[in-house]
Engineer: 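Submitted below is the structure of interest, expressed as structure tokens.
Residue numbers begin at 1 in each chain, while the letters A, B, ... track the order of the sequences.
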There are 2 protein chains.
Amino acid sequence: METTATVREQILDHAITLMMLHGYNGFSYRDLSELVGVKTSSIHYYFPSKEDLALEAVNEYSKQIFALLGSVDASLPADAKLAKYTKLFGRVLGDGDQICLCGMLAADIGSLPDTVRAAVQAFFKANESWLAKVLAQGVKERTLAVNGRPENAARTLFAAYQGSALASRLFQTKARLDEVETSWKVSKQV
Amino acid sequence: METTATVREQILDHAITLMMLHGYNGFSYRDLSELVGVKTSSIHYYFPSKEDLALEAVNEYSKQIFALLGSVDASLPADAKLAKYTKLFGRVLGDGDQICLCGMLAADIGSLPDTVRAAVQAFFKANESWLAKVLAQGVKERTLAVNGRPENAARTLFAAYQGSALASRLFQTKARLDEVETSWKVSKQV
DNA sequence: GTCTATAGGGGGATAGAC
DNA sequence: GTCTATCCCCCTATAGAC
């Protein structure tokens, strides 16, 4: 049982959540201060600048997501893997008021340094390459509908997940994420 | 030749651009003041609160986009209409540092009042229903690849455009928008 | 309509005591 | 490591002169 999180970990976790809710420019050290229960100067002790904090948030977030992706059973059929991915992406969205941290920071990229841009790019690429493998497998198994090369389709698919996360929150319904999955599954045609 | 724009119009146009670059929380009345050449208090004369400004920006932006959508020749084949849409979406992105205003505000929705949320929702729905008609036409003509009902596929397609706009700016390449179109076009299979 | 002036608060960040 | 105190600037918004 892990009931003890260091102050640093608490700051980072809350920073991730706050950015998923309100974006980089929509939260402050004061917000964190109140959530964690330490003064803002203590937060600067761990994360000298807000940009440092954003960068470490992306790295921590990526680490967590990649761990989940890595835990998906490699022997599953492609459509089952895609279903896992949809669920994973949905769980990240929390109660419906959050979007993917890296989708949010991609929106805020105009306010962020290149270090953060590179980290967000890496997150995108990793997800896209994971999805590309699943799509390639789905083509072989004839369970997923892929137009063109799997690499290209995977970029579009990941974009669709990110866009659907935006729409899910905007309309307060998670159904839109499931529709993405449906759009790539081979159907008997309605 | 229209060389005269009212101060109000200039404010609104710059507000749209600034929000497409940096989001709702990433620009200020001072930024606008410097761009337009009037004091911030004059901006408050036209737009009492920043939320008012955001709402009118969405309305103006929507009006412009809907006018462009309406100008697409109804007699075109579906795949040609989709190509027009891709171009239109790409032109909105400007030099590659902007994303769709309503995509951006969907990311910032946690900081915005319900009036703005409703306006952004209306923008999403209008685009989705326009795309749904194109997809339905494409199914008949056998030029577009649609899985499931056109309405569902259209929501996924629009999400893919929004997500690809994010990625286009993140990676500084517009190729990603074209890939969306490719993913819905019936191909001879590579 | 546009300005000056200002209110009143929030922002990130730092110095230095403990 | 955490605090108090503070700096300095930016923020939205308003009052009132012109």
Engineer: Scan residues 133-170 of chain B for pairs that pass ring pair (Phe, Tyr, Trp, His ring centres under 6.0 Å), counting only residues two or more places apart or in two chains.
Structural biologist: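 For residues 133-170 of chain B, and leaving out neighbouring residues, the ring pair (Phe, Tyr, Trp, His ring centres under 6.0 Å) pairs sorted by first residue read B:Tyr85-B:Tyr161, B:Phe89-B:Tyr161, B:Phe124-B:Phe158.
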Engineer: Please state how far atom CZ in A:Phe27 lies from atom C1' in C:dG11, giving the value in whole angstrom units.
Structural biologist: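 Atom CZ in A:Phe27 sits about 12 Å away from atom C1' in C:dG11.
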Engineer: If you assign each of A:Arg30 and A:Ser41 to its closest nucleotide in DNA chain C, which residue comes earlier from the 5' end?
Structural biologist: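 Its nearest nucleotide being more 5', the pick is A:Arg30.
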Engineer: Write down the atom of B:Trp184, the atom of A:Asn147, and the distance for their closest heavy-atom approach.
Structural biologist: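 That would be C-ND2, 4.0 Å.
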Engineer: Here's a test of your reading of the structure: between A:Gly37 and B:Phe47, which maps to the more 5' nucleotide of DNA chain D?
Structural biologist: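 Nearest nucleotide further toward 5': that of A:Gly37.
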Engineer: Could you tell me from which nucleotide to which nucleotide of DNA chain D, 5' to 3', there is an atom under 4.0 Å from chain A heavy atoms?
Structural biologist: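 The contact span of chain A on DNA chain D goes from D:dG1 to D:dT4.
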Engineer: Does any donor atom in the side chain of B:Asp108 or B:Ser111 lie under 3.5 Å from an acceptor atom in the other side chain?
Structural biologist: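 No pair is found: no donor N or O on one side chain lies under 3.5 Å from an acceptor on the other.
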Engineer: Given that A:Tyr45 and A:Thr40 both sit by DNA chain D, which one's nearest nucleotide is further toward the 5' end?
Structural biologist: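 That would be A:Tyr45.
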Engineer: A:His44 NE2 to C:dG12 C1': how many Å, rounded?
Structural biologist: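 One finds 5 Å between C1' of C:dG12 and NE2 of A:His44, rounded.
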Engineer: For A:Leu53 and C:dG11, give me the distance from atom CG to atom P, rounded to whole Å.
Structural biologist: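 That distance rounds to 14 Å.
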Engineer: Rounding to a whole Å, what distance do you find between A:His22:NE2 and C:dG10:C1'?
Structural biologist: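 It works out to 16 Å between those atoms.
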Engineer: Taking B:Val92 as the fixed residue, which of B:Met20, B:Gln98, B:Gln64 is the one that meets the side-chain contact (heavy atoms from CB on, under 4.5 Å) rule?
Structural biologist: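 Output: one option passes, namely B:Met20.
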Engineer: Going by distance alone, is a donor N or O of one side chain under 3.5 Å from an acceptor N or O of the other, for B:Thr86 and B:Glu181?
Structural biologist: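 On atom types as modelled, these side chains qualify, holding a pair under 3.5 Å.
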Engineer: Flag this pair as yes if the NZ/CZ of B:Lys50 is under 6.0 angstrom from the six-membered ring centre of B:Tyr24 and inside a 45 degree cone about the axis; otherwise no.
Structural biologist: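 Judged by the rule, B:Lys50 and B:Tyr24 form a cation-pi pair.
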